[in-house]
Amino acid sequence: SQTIHQWPATLVQPVGSPLSLECTVEGTSNPNLYWYRQAAGRGLQLLFYSVGIGQISSEVPQNLSASRPQDRQFILSSKKLLLSDSGFYLCAWSQGLAGVGSYEQYFGPGTRLTVT
Amino acid sequence: GEDVEQSLFLSVREGDSSVINCTYTDSSSTYLYWYKQEPGAGLQLLTYIFSNMDMKQDQRLTVLLNKKDKHLSLRIADTQTGDSAIYFCAESSNYQLIWGAGTKLIIKP
């Protein structure tokens with residue numbers, strides 16, 4: 001069966017410090033991968049998604065970046081954190097090509113980031 | 001553009017049925033989804049329905065789809081305290097899902 005891991009679970013970082021959040025998926029190959037941010041426990045904001053190694057699509061302009069160095073690894077980074085980067089970060093995966101499959105996404109447990 | 005709307009809160013008594021509603025705008029969506037999020041946790045896929053279906057039932061959950069009105073609902077029978085969570089509706093759009101803002105289900109004893 002497939003599993004998705006995220007770490008760390010919680011993180012407190014000062015303004016201006018760098019960030020690296022990691023997500024890995026097991027039990028599947030060539031997944032679509034997603035990074036979301038959720039503010040105040042409510043709506044989801046899609047930050048990045050990737051349909052293959054080295055392919056990253058950015059949904060919103062920000063000081064964050066994403067990379068996919070391996071098929072089942074997705075990394076969210078920042079060189080200098082802002083207070084507004086605080087939130088709950090969720091990684092998700094789905095299987096399927098455009099026009100094929102049901103696109104349901106499966107989520108990791110999330111990382112709670114507090115920028116102080 | 002595509003949009004998915006949900007009411008922010010729903011309060012029900014324990015043992016009653018809960019009905020969470022959602023409207024969407026993209027008539028070409030092939031799948032519609034319901035997710036559950038408990039406090040501090042990731043989202044859990046509850047169920048999804050293909051757009052050519054009207055209804056799908058899975059134990060205490062019933063999904064109704066009115067494609068003409070672009071209206072989706074999730075009914076939870078015999079609501080329990082463990083159902084207390086935020087419920088998200090989403091529609092498919094190529095590789096992505098378009099999300100509603102979530103409905104917080106509050107259970108009264």
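All values derive from a computational prediction rather than experimental measurement. All chains are named by letter (A, B, ...) in the order of the sequence lines, taking the proteins before the strands, and each is independently numbered beginning at 1.
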Interatomic distance, [X] atom [atom1] to [Y] atom [atom2] [nearest 0.5 angstrom]:
X: B/I98; Y: A/L44; atom1: CD1; atom2: CG; value: 11.5 Å
X: B/L97; Y: A/Y36; atom1: CG; atom2: OH; value: 5.0 Å
X: A/E104; Y: B/Y33; atom1: CD; atom2: OH; value: 6.0 Å
X: A/S94; Y: B/Q96; atom1: OG; atom2: CD; value: 10.0 Å

Could you look at B/L43 and say if it's the side chain, the backbone, both or neither that has a heavy atom under 4.5 Å from chain A?
-> both
Of the backbone (N, CA, C, O) and the side chain (C-beta and beyond), which part of B/T47 lies under 4.5 Å from a heavy atom of chain A, both, or neither?
-> neither
Whether over 12 other heavy atoms sit under 6.0 Å from [X] [atom1]:
X: B/R13; atom1: CZ; value: no
X: B/K104; atom1: NZ; value: no
X: B/K68; atom1: NZ; value: no

Is [X] linked to [Y] within one hydrophobic cluster, defined over Ile, Leu, Val, Met, Phe, Trp and Tyr using a side-chain heavy-atom separation of less than 4.5 Å?
X: A/V60; Y: A/Y34; result: yes
X: A/I75; Y: A/L21; result: no
X: A/L76; Y: A/V15; result: yes
X: B/L65; Y: B/F50; result: yes

Side-chain (B/Y35) to main-chain (A/Q105) donor-acceptor, under 3.5 angstrom = yes
What one should report as the nearest heavy-atom pair of B/Q37 and A/F88 is NE2-CE2, 3.8 Å
Do B/W99 and A/F107 make the cut of ring centroids closer than 6.0 angstrom?
-> yes
